[in-house]
Trainee: 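This structure is in structure tokens; I'll ask about it shortly.
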Amino acid sequence: MKITFKVQRQQGNGDRHWQNYALEVDAQTTVLDCLNQIKWQQDGSLAFRKNCRNTICGSCTLRVNDRPVLACKESIKNLEQWLTDSNQENTGIFTISPLGNLPVIKDLVVNMDEFFAGLDAVYPYLINKRQGENDSEFRQSPEQRAALNDVSNCVLCGVCYSDCDAKKKNDNFVGPHALAKAHRLVLDNRDMASKARLEALGKDKQGVWGCNNCRMCSDSCPTGVAPLSQIEALKVRLFDLMDHL
């Protein structure tokens, strides 16, 4: 089939413009394969990120028709089905643009510093000062590990951050990715800082109270983490914590 990628081109804070690239592909071709074809055969100056090509690293995220996707996961067939499901006309032209809520470095490459700063703000690692039995590793039962399955699927791709309405309105909000990570740690039976994490996340609109429940993060998440569900669970835990005070 013949399609056209209408790609947003931009150098830093310079003027944006759109550039069209005609492609001949099959239905199973991914957005990333299309971008590779453009770069290798038509325009070597086009900038975008990629790495694993297997929905693991999260580096190839961008927006197609203003919807954030993982380029290595989304095929042309999936895009066409999404257009049908959302009652949009399929013209064969797909607009390709960088993630939202982040400054553009070049073309489809954005500066992720603020994204990772939000993650750092929730201490995204286990805090445990105890030693395991006989200095061995800390073990988890299958049930304890199963509680982490869904929320551990986050690949830090930035899809939820790009669509977050709260982040658009509040620069201090850490972002849905960070709060989902915080809940993953609160759920972990090996972590000793759950109470301190909850208290920190409940102080102001930097944490859970900054979320305005727009649902965009959960609707767009490509790995099923459903960040809004994690944020709502943190709120419930905060209410439970306040009941004991």
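These figures come from a predicted structure and were not determined experimentally.
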Trainee: In terms of hydrophobic clustering (I, L, V, M, F, W, Y; side-chain heavy atoms under 4.5 Å; direct or indirect links), are Leu187 and Ile231 co-clustered?
Mentor: no
Trainee: Measuring from atom CG of Asp107 to atom CZ of Phe48, what distance do you get when rounded to the nearest 0.5 angstrom?
Mentor: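 Reported to 0.5 Å precision, the distance equals 10.0 Å.
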Trainee: Tell me, do Ile96 and Gln8 make a side-chain contact under 4.5 Å, heavy atoms counted?
Mentor: no
Trainee: So, taking the atom named CZ in Phe5 and the one named CD in Gln37, what distance separates them when rounded to the nearest 0.5 Å?
Mentor: 9.5 Å
Trainee: Counting distance only, does the side-chain N/O of Glu199 pair as donor-acceptor with the main-chain N or O of Ala196 below 3.5 Å?
Mentor: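 No.
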Trainee: Indicate yes or no: at least one non-hydrogen side-chain atom of Cys72 is less than 4.5 angstrom from one of Cys60.
Mentor: yes
Trainee: For residues Gln230 and Ala180, report the shortest heavy-atom separation together with the two atoms involved.
Mentor: CB-CA, 3.9 Å
Trainee: Start with the C-alpha gap between Thr95 and Asn65, add the side-chain angles, then the distance that decides, and say whether side-chain hydrogen bond (donor to acceptor under 3.5 Å, both in side chains) holds.
Mentor: CA-CA 5 Å; Thr95 61; Asn65 291 11; 3.2 Å; yes
Trainee: Within the side chain of Lys39, is there an N or O that forms a donor-acceptor pair under 3.5 Å with the backbone of Gly44?
Mentor: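 The answer is yes, because a donor-acceptor pair under 3.5 Å joins these two groups.
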Trainee: Any side-chain heavy atom of Gln140 within less than 4.5 Å of one from Arg190?
Mentor: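 Of all side-chain heavy-atom pairs linking Arg190 with Gln140, at least one is under 4.5 Å.
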Trainee: Shortest non-hydrogen contact from Ser218 to Ser229?
Mentor: OG-N, 4.0 Å
Trainee: Got a sec, which pairs hit side-chain hydrogen bond (donor to acceptor under 3.5 Å, both in side chains) with one end in residues 71-82, sequence neighbours left out?
Mentor: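 Residue pairs with at least one partner in residues 71-82: Arg67-Glu74, Ser75-Asn78, Glu80-Asn90, Gln81-Asp85.
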Trainee: If every non-hydrogen atom of Phe173 is compared with every non-hydrogen atom of Cys211, which pair is closest and at what distance?
Mentor: CE1-N, 3.7 Å
Trainee: Once rounded to the nearest 0.5 Å, what's the spacing between atom CG of Leu108 and atom CG of Leu99?
Mentor: 9.0 Å
Trainee: Looking at Tyr161, is its backbone amide N or carbonyl O close enough to the side chain of Asn101 to form a donor-acceptor pair, meaning the two atoms are under 3.5 Å apart?
Mentor: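 Yes, the answer is positive, given that a donor and an acceptor are paired below the 3.5 Å cut-off.
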Trainee: Using 0.5 Å steps for rounding, measure from the CZ atom of Phe239 to the CG atom of Leu198.
Mentor: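 Here the interatomic distance stands at 12.5 Å.
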Trainee: Considering non-hydrogen atoms only, spot the tightest contact between Pro222 and Leu70 and give its length.
Mentor: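 Taking Pro222 first and Leu70 second, the nearest heavy atoms are CG-CD1, 3.7 Å.
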Trainee: Which distance, rounded to the nearest 0.5 Å, do you find between the OG of Ser152 and the CG of Leu185?
Mentor: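 It is 9.0 Å, given to the nearest 0.5 Å.
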Trainee: Under 4.5 Å between side-chain heavy atoms, counting indirect links through other Ile/Leu/Val/Met/Phe/Trp/Tyr residues: same cluster for Leu62 and Val104 or not?
Mentor: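 No, because Leu62 and Val104 fall into different hydrophobic clusters, even though each may have its own neighbours under 4.5 Å.
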Trainee: Considering only heavy atoms from C-beta outward, does the side chain of Met216 approach that of Leu228 to under 4.5 Å?
Mentor: no
Trainee: Tell me every residue that passes side-chain contact (heavy atoms from CB on, under 4.5 Å) with Asn20, counting only those two or more places apart in sequence or in another chain.
Mentor: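 Only Thr4, Lys6 meet the side-chain contact (heavy atoms from CB on, under 4.5 Å) criterion with Asn20.
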Trainee: Please, which pairs that meet salt bridge (charged side-chain N to carboxylate O under 4.0 Å, His left out) have at least one residue in residues 205-233, sequence neighbours excluded?
Mentor: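 Matches after skipping sequence neighbours: none remain.
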Trainee: Say you draw a straight line from SG of Cys217 to CG of Asp163; how long is it, rounded to the nearest 0.5 Å?
Mentor: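 Taking SG in Cys217 and CG in Asp163, the distance rounds to 9.0 Å.
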Trainee: Answer yes when Arg9 and Asp15 have at least one side-chain N-carboxylate O distance shorter than 4.0 Å, and no when they do not.
Mentor: no
Trainee: Could you walk me through whether Asn212 and Asp165 pass side-chain hydrogen bond (donor to acceptor under 3.5 Å, both in side chains), step by step?
Mentor: CA-CA 8 Å; Asn212 58 14; Asp165 182 65; 2.8 Å; yes
Trainee: How close do Ala226 and Cys221 get, counting heavy atoms only, and between which atoms?
Mentor: N-SG, 4.1 Å
Trainee: Report yes if the side chains of Asp43 and Tyr21 come closer than 4.5 Å at any heavy-atom pair, otherwise no.
Mentor: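 Heavy-atom side-chain distance check passes, below 4.5 Å.
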Trainee: For a 4.5 angstrom cut-off between non-hydrogen side-chain atoms, does Leu148 reach Asp188?
Mentor: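 The answer is yes, as the side chains (C-beta and beyond) meet within the 4.5 Å cut-off.
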Trainee: Where do Gln144 and Arg139 come nearest, in terms of heavy atoms and distance?
Mentor: OE1-O, 4.3 Å
Trainee: One pair to check against side chain to side chain contact (heavy atoms under 4.5 Å, CB included): Val25 and Cys34. What are the steps and the verdict?
Mentor: CA-CA 8 Å; Val25 299; Cys34 291; 4.0 Å; yes
Trainee: For the residue pair Asp26 and Met1, establish whether any side-chain heavy-atom pair is separated by less than 4.5 Å.
Mentor: no
Trainee: Could you give me the CA-CA distance, side-chain angles and deciding distance for Val7 and Leu46, then say whether side chain to side chain contact (heavy atoms under 4.5 Å, CB included) is met?
Mentor: CA-CA 9 Å; Val7 182; Leu46 179 63; 3.8 Å; yes
Trainee: Applying side-chain hydrogen bond (donor to acceptor under 3.5 Å, both in side chains), run through Thr91 and Glu89 and close with a yes or a no.
Mentor: CA-CA 6 Å; Thr91 63; Glu89 181 183 3; over 6 Å; no
Trainee: Just grab all the side-chain hydrogen bond (donor to acceptor under 3.5 Å, both in side chains) pairs involving residues 47-63, residues at least two apart or on different chains.
Mentor: Asp33-Arg53, Asn36-Lys50, Arg63-Asp66
Trainee: Considering only distance and modelled atom types, tabulate donor-acceptor pairs under 3.5 Å from the side chains of residues 109-124, sequence neighbours left out.
Mentor:
unit_1: Asn111; atom_1: OD1; unit_2: Asp113; atom_2: N; d: 2.9
unit_1: Glu114; atom_1: OE2; unit_2: Lys167; atom_2: NZ; d: 3.2

Trainee: Check step by step if side chain to side chain contact (heavy atoms under 4.5 Å, CB included) holds for Leu79 and Val64.
Mentor: CA-CA 8 Å; Leu79 292 177; Val64 181; 3.9 Å; yes
Trainee: Does Leu179 share a hydrophobic cluster with Leu156, counting links as ILVMFWY side-chain heavy atoms below 4.5 Å and allowing steps through other members?
Mentor: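 Each belongs to a different hydrophobic cluster.
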Trainee: Would you say that Trp209 contacts Lys203 through its side chain, given a criterion of any heavy-atom pair below 4.5 Å between the two side chains?
Mentor: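 A side-chain contact under 4.5 Å is absent here.
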Trainee: Taking atom NZ of Lys168 as the centre, does the number of heavy atoms from other residues, nucleotides or ligands within less than 6.0 Å exceed 12?
Mentor: yes
Trainee: Might you work through the side chain to side chain contact (heavy atoms under 4.5 Å, CB included) test for Asp191 and Asn128, ending with a clear yes or no?
Mentor: CA-CA 6 Å; Asp191 190 75; Asn128 193 321; over 6 Å; no
Trainee: Using the test side-chain contact (heavy atoms from CB on, under 4.5 Å), find all partners of Asp204 that sit at least two apart in sequence or belong to another chain.
Mentor: Gln206
Trainee: Near Arg16 CZ, under 6.0 Å, is it more than 12 heavy atoms from other residues, nucleotides or ligands?
Mentor: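 It does not: Arg16 CZ has 12 such atoms or fewer within range.
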Trainee: Consider side-chain contact (heavy atoms from CB on, under 4.5 Å). Of Asp150, Val151, Val159, Val155, which one does Val225 pass it with?
Mentor: Val151
